[in-house]
2 protein chains.
Amino acid sequence: MELEQAKNQFINLWGNFGSQWGINRSMAQVHAILMTSPNRLSTEEIMEKLQISRGNANTNVRELINWNLVYKENILGERREFFRAEKDMWEVAKRIVRERKRREIEPLIQHLNELKTVESDNLEEKQEFENTIESIDRLVNKLDSMSNALMKADEHAFFGKILNLFK
Amino acid sequence: MELEQAKNQFINLWGNFGSQWGINRSMAQVHAILMTSPNRLSTEEIMEKLQISRGNANTNVRELINWNLVYKENILGERREFFRAEKDMWEVAKRIVRERKRREIEPLIQHLNELKTVESDNLEEKQEFENTIESIDRLVNKLDSMSNALMKADEHAFFGKILNLFK
DNA sequence: AATTGTTTTCATTTTATTTTGAAAGTTTAG
DNA sequence: CTAAACTTTCAAAATAAAATGAAAACAATT
């Protein structure tokens, strides 16, 4: 396949994939274009290549910077800003996990805690509700340990070996 | 907190959480109401409790059944259908992972494979692109092994112990 | 301190997604 | 067979989310 065509397909693919996981299409596409570009790009170039507006490009680049997936990078003697994506995908994955945990899982745990004990005359319903919340809470904590383990997996080579045992 | 209030908060919480992860709000809410109900519910009751239309209730119950998170369950002598949610949250998590893998990750792997080799005169860009795709491919496969391992984690008690080492 | 190049903001518009509800379809039972 | 009970479908409406672009803000340069 021709490179330009492949890039377009990839931008498309990554955009769709993102939106299935609650990341907006443009943000994923900006990420895609930066990931596949050998050099840093200006806002102008991003707008151009993705055919999106200045506001859209700006917002999503900044959002990617918040997620720590993209860096601002100056070019000597150039006034405008250039952007470069983190290219180590394992690093990217870790940062996404870290960020979604912070933004979504931790608040979820907070809220679940508040729902752990309720008052009611209907003992059966009360029990059922508390069981459900308790069960979700255990799950969330389990997933939390797992993700912590995984985030450290690459520091501990033997973890990778263990994973393969379960294949 | 009073039970009814807590249930409402939970429905809300679960609905929001779902939509951050690409599951639509009503579907997550139907799931929530079924998870916290001690008895199976009819479409009518779901409509009533969530204040949603018949079409909406029907569509999302069926979708949950497709995801294998909800069962149709008859009551003797009752003509209409009743629904019950899987209550073991670890089971729920496994089914969601399995389903999203099947629906989203496997097609992604397919597409990435098609992008693995490209033709271009611009060797630097070609290289950069191939590296990125390769890197994503490795990541996706790594995550795939991990999720396979995790899905079996509960069958292998010692895996859980290992996870804790990384805490 | 005025000009120019650049970034950011945000009210409005556009697009995408979700929900509705009436109609069509299906099943059950007399 | 057919009426009643119930489920499914889907075009249209409502809502939510994302994108636009012009104007404001900012920063560097003269």
Side-chain angles (χ1 to χ4, degrees), chain A residues 11-34 40-67 70-84 100 103-104, chain B residues 11-34 40-67 70-84 100 103-104:
Chain A
I11 287 166
N12 216 44
L13 180 64
W14 206 237
N16 288 338
F17 191 68
S19 55
Q20 282 176 312
W21 288 82
I23 279 92
N24 94 331
R25 186 171 254 87
S26 298
M27 180 168 155
Q29 289 186 337
V30 171
H31 190 215
I33 198 105
L34 287 171
R40 21 202 166 167
L41 301 176
S42 65
T43 305
E44 208 78 36
E45 287 166 305
I46 294 168
M47 287 165 62
E48 160 96 10
K49 294 198 187 190
L50 298 178
Q51 300 278 28
I52 61 177
S53 72
R54 183 174 303 284
N56 194 2
N58 179 265
T59 306
N60 286 301
V61 166
R62 271 189 313 117
E63 191 60 7
L64 285 163
I65 292 174
N66 285 341
W67 280 74
V70 164
Y71 313 108
K72 228 180 240 191
E73 205 166 76
N74 278 55
I75 292 186
L76 222 75
E78 278 274 13
R79 189 152 149 191
R80 69 217 146 119
E81 296 177 322
F82 286 81
F83 307 98
R84 188 171 62 77
R100 295 199 82 148
R103 296 181 186 208
E104 295 155 23
Chain B
I11 287 166
N12 216 45
L13 181 64
W14 206 238
N16 288 339
F17 191 67
S19 56
Q20 283 177 313
W21 288 83
I23 280 93
N24 95 328
R25 186 171 252 87
S26 297
M27 181 168 154
Q29 289 186 337
V30 172
H31 190 216
I33 197 102
L34 287 171
R40 20 205 166 163
L41 301 176
S42 64
T43 305
E44 209 77 34
E45 287 167 305
I46 294 169
M47 286 164 61
E48 160 96 9
K49 294 197 187 193
L50 297 179
Q51 299 279 26
I52 60 176
S53 72
R54 183 173 303 285
N56 195 1
N58 179 265
T59 307
N60 286 302
V61 166
R62 272 187 314 115
E63 192 61 5
L64 285 163
I65 292 174
N66 285 341
W67 279 75
V70 164
Y71 314 108
K72 229 179 240 190
E73 204 167 75
N74 278 56
I75 291 185
L76 222 74
E78 278 276 13
R79 187 148 152 197
R80 68 218 146 118
E81 296 177 323
F82 286 80
F83 307 99
R84 188 172 63 77
R100 295 199 82 148
R103 295 181 187 208
E104 296 155 22

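Chain identifiers are assigned alphabetically (A, B, ...) following the order of the sequence lines, protein sequences preceding nucleic acid strands; residue numbering begins at 1 within each chain.
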*Mind checking what makes side chain to side chain donor-acceptor pair (under 3.5 Å) contact with A:E78, not counting sequence neighbours?*
A:R80
_Aromatic ring pairing B:F17/B:W21, orientation class (parallel under 30°, perpendicular over 60°, tilted between)_ = tilted
Please tabulate the protein-to-nucleotide N/O contacts below 3.5 Å involving nucleotides 28-30 of chain C, giving atom names and distances.
residue, atom, partner, partner atom, Å
C:dT28, O2, B:R79, NH2, 3.4

_Contacts of A:R79 that satisfy side chain to side chain donor-acceptor pair (under 3.5 Å) - sequence neighbours left out_ = none
*Are the side chain of B:N56 and the backbone of B:I52 linked by a donor-acceptor contact shorter than 3.5 Å?*
no
*First and last nucleotide of DNA chain D in contact with chain B, 5' to 3', at under 4.0 Å to a heavy atom: what are they?*
D:dA4 to D:dT9
*Sequence neighbours excluded, which residues qualify as salt bridge (charged side-chain N to carboxylate O under 4.0 Å, His left out) partners of B:E81?*
B:K72
*Atom-pair distance (CE on A:M47; P on C:dG5), nearest Å*: 16 Å
*Pairwise side-chain contact, B:N60 with B:N24, heavy-atom cut-off 4.5 Å (strictly under)*: yes
*Mind running a 4.0 Å heavy-atom check of residues 50-59 of chain B against DNA chain D and sending the residues that fall below it, in number order?*
B:R54, B:G55, B:N58
*What integer distance in Å separates A:N60:CG from C:dT8:C1'?*
14 Å
_Suppose we screen for salt bridge (charged side-chain N to carboxylate O under 4.0 Å, His left out). Which residues come up paired with A:R25, at least two apart in sequence or across chains?_
none
*Closest nucleotide of DNA chain C for A:S19 versus for A:R62: which of these residues is on the 5' side?*
A:R62
*Close approaches to DNA chain D from residues 21-33 of chain B, in residue order (heavy atom, under 4.0 Å)*: none
_For B:N58, side chain to side chain contact (heavy atoms under 4.5 Å, CB included) partners two or more places apart_ = B:R62
*asked:* Regarding A:E81, tell me which of base, sugar-phosphate or nothing describes its non-hydrogen contacts under 4.0 Å with the strands shown.
replied: sugar-phosphate
*asked:* Test of understanding: with salt bridge (charged side-chain N to carboxylate O under 4.0 Å, His left out), list the residues that count as partners of B:E73, not counting sequence neighbours.
replied: B:R40, B:R84
_Any side-chain donor near an acceptor of the partner, A:S42 and A:E45, under 3.5 Å_ = yes
*Taking the side chain as every heavy atom from C-beta outward, state whether B:T43 and B:V61 have any atom pair closer than 4.5 Å.*
no
*Who are the side chain to side chain donor-acceptor pair (under 3.5 Å) partners of B:E48, not counting sequence neighbours?*
none
*Taking only residues two or more places apart in sequence, or in another chain, which ones meet B:E44 in a salt bridge (charged side-chain N to carboxylate O under 4.0 Å, His left out)?*
B:R54
